[in-house]
Amino acid sequence: MKKMYGVITAMTTPLTETGTIDTKAIEAHVEFLIEKGVNCIYPCGTTGEMMNLSPEERELVAETVVRAVAGRAIVYIHVGAQTTAETIRLAQHAERIGADGIGVVTPPFFGLNDKAMLQYYKEVAASVSEDFPIYVYVIPQCAGNDISAPLMEQIAQACPNVVGVKYSWADCIRLKDYLNVRGGDFSVLFGPDRLFLPALAMGCDGTVSGCSGPMPEHFVGVYRAWKDGDMEKAREEQKTANEICEIMKSGADMGIFKAVMDFRGLTGGHMRKPLLDLDEHERALLKEQIAPYIP
């Protein structure tokens, strides 16, 4: 089973002015990311406005990405949804179209106890092939449901194809506990990309980074320097990456990511309401701030 590693880019979803999915823009973004050296591509997650897209739209995005990547990078599709039935639909679709695996966020909004959470992941894991890998996606600040390390252990033991976790809250103690799941044979990815290098040092496999979508170079630089054993270079790259994250507000507004993509000659596209595009004043200020970092 192929696991995610290194720089895993959480893709935005470009929308046309009329609100449809811009598949040509997705294809161009995929080419850009592969050219820049990212290791894995992860569409339809938080950065991709997952809860604002219909199942049909999410399937279209997934199909477009898998087709455009054409085996040149690892592709995991985020499929978590409000209901178990919709999550299973998207999970089976991702396997059917040839994705390498899926990410599944904890069910959002309604509070789930541990019994319900375990049952949810068991049903989703059983809906796909035994060797089709799944990452649990834990983002309690958005989803409202957290997964403790003991519960993650239960999920890992009950679901052999759950191979890891994407953890998007900056709690390094919890990160350490996740690294001990399944006796240490559990892939851990860290969402806070400003802590990419520290996460690698702790034993994580990589970062799922929205900021790397429009600005991948320095995140790729961190990982390559780390792999080469050049810690001084890795620290320099992380410092620059962090400056970029601060300018782009680390994904607090995906309209920023889309605007920076426009600045780089890509098509960022529009946001889906109630999320808004940046206005002209905001775009001008952002362009001035980010320009020194664009190669």
Side-chain angles (χ1 to χ4, degrees), residues 8-36 38 41-69 75-82 86 90 93 103 105 108 137 139 141-143 168 191 193 208-216 244-291 293-294:
I8 304 138
T9 296
M11 291 185 69
T12 51
T13 300
L15 301 172
T16 67
E17 196 167 359
T18 59
T20 59
I21 303 294
D22 189 338
T23 56
K24 295 299 183 185
I26 292 172
E27 292 168 357
H29 194 197
V30 165
E31 291 301 320
F32 172 80
L33 293 172
I34 291 175
E35 176 188 330
K36 296 299 183 181
V38 305
I41 295 178
Y42 186 74
C44 298
T46 302
T47 304
E49 301 173 65
M50 57 187 180
M51 297 303 177
N52 283 349
L53 304 179
S54 69
E56 292 79 12
E57 288 174 322
R58 293 175 69 170
E59 289 173 347
L60 176 59
V61 172
E63 291 165 8
T64 304
V65 170
V66 169
R67 183 175 61 250
V69 171
V75 178
Y76 269 64
I77 309 297
H78 176 261
V79 303
Q82 187 68 53
E86 186 173 320
L90 294 170
H93 174 265
V105 75
Y137 175 15
I139 183 168
Q141 68 270 32
C142 293
S168 289
D193 45 16
V208 181
S209 167
C211 292
S212 70
M215 297 289 288
I244 290 168
C245 289
E246 294 294 333
I247 292 169
M248 297 197 298
K249 299 184 179 178
S250 291
D253 181 350
M254 269 72 76
I256 293 173
F257 292 167
K258 293 185 177 185
V260 175
M261 288 171 64
D262 290 339
F263 303 157
R264 302 209 63 178
L266 298 164
T267 300
H270 296 274
M271 302 295 291
R272 175 159 289 170
K273 292 181 179 179
L275 302 176
L276 297 176
D277 298 338
L278 299 191
D279 62 32
E280 289 306 312
H281 173 74
E282 291 167 332
R283 285 177 67 92
L285 179 60
L286 174 62
K287 190 171 186 178
E288 180 181 350
Q289 292 174 325
I290 201 70
Y293 297 92
I294 295 178

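None of these values were measured; they are calculated from a predicted model.
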If we only count heavy atoms from C-beta on, is the [X] to [Y] side-chain gap below 4.5 Å?
X: M271; Y: L276; value: no
X: M11; Y: L33; value: yes
X: R264; Y: F32; value: yes
X: L90; Y: E59; value: yes
X: M248; Y: I244; value: yes
X: I26; Y: P14; value: yes
X: F263; Y: P214; value: no
X: L15; Y: I21; value: yes

- Kindly write out the residues that satisfy side chain to side chain donor-acceptor pair (under 3.5 Å) with T46, not counting sequence neighbours, or none if the list is empty. Y137
- Check each of S212, S209, S250 against D193 using the side-chain hydrogen bond (donor to acceptor under 3.5 Å, both in side chains) test, and report the only one that passes. S209
Which heavy atom of [X] sits nearest to which heavy atom of [Y], and what is that distance?
X: A62; Y: H93; answer: CB-CE1, 4.2 Å
X: T13; Y: G48; answer: OG1-O, 2.8 Å
X: C44; Y: M50; answer: O-CB, 3.1 Å
X: Q141; Y: S168; answer: NE2-O, 2.7 Å
X: R272; Y: G19; answer: NH2-O, 2.6 Å
X: V105; Y: M51; answer: CG1-CE, 4.5 Å

- Query: Has K36 got more than 12 heavy atoms of other residues, nucleotides or ligands less than 6.0 Å from its NZ?
  - Reply: yes
- Task: Can you establish whether the number of heavy atoms outside E56 located under 6.0 Å from its atom CD is more than 12?
- Result: yes
Judged by atom type as modelled, is there a donor-acceptor pair below 3.5 Å linking the side chain of [X] to the main-chain atoms of [Y]?
X: D262; Y: G268; answer: yes
X: Q82; Y: P108; answer: yes
X: K258; Y: G269; answer: no
X: R58; Y: L53; answer: no
X: H29; Y: L266; answer: no
X: E63; Y: L60; answer: no

- Item | Test side-chain contact (heavy atoms from CB on, under 4.5 Å) applied to E282 and L285, step by step | CA-CA 5 Å; E282 291 167 332; L285 179 60; 5.9 Å; no
Separation between [atom1] of [X] and [atom2] of [Y], rounded to the nearest 0.5 Å:
X: F257; Y: T47; atom1: CZ; atom2: OG1; answer: 5.5 Å
X: D253; Y: D277; atom1: CG; atom2: CG; answer: 9.0 Å
X: M215; Y: C245; atom1: CE; atom2: SG; answer: 10.0 Å

- Item | Worked check of side-chain contact (heavy atoms from CB on, under 4.5 Å) between N52 and K273 | CA-CA 8 Å; N52 283 349; K273 292 181 179 179; over 6 Å; no
- Item | T23: which of V61, V65, T16, T64 passes side chain to side chain contact (heavy atoms under 4.5 Å, CB included) | T64
- Message: One pair to check against side-chain contact (heavy atoms from CB on, under 4.5 Å): E49 and E57. What are the steps and the verdict?
- Response: CA-CA 11 Å; E49 301 173 65; E57 288 174 322; over 6 Å; no
- Query: For Y76, what residues pass the ring pair (Phe, Tyr, Trp, His ring centres under 6.0 Å) criterion, not counting sequence neighbours?
  - Reply: Y135
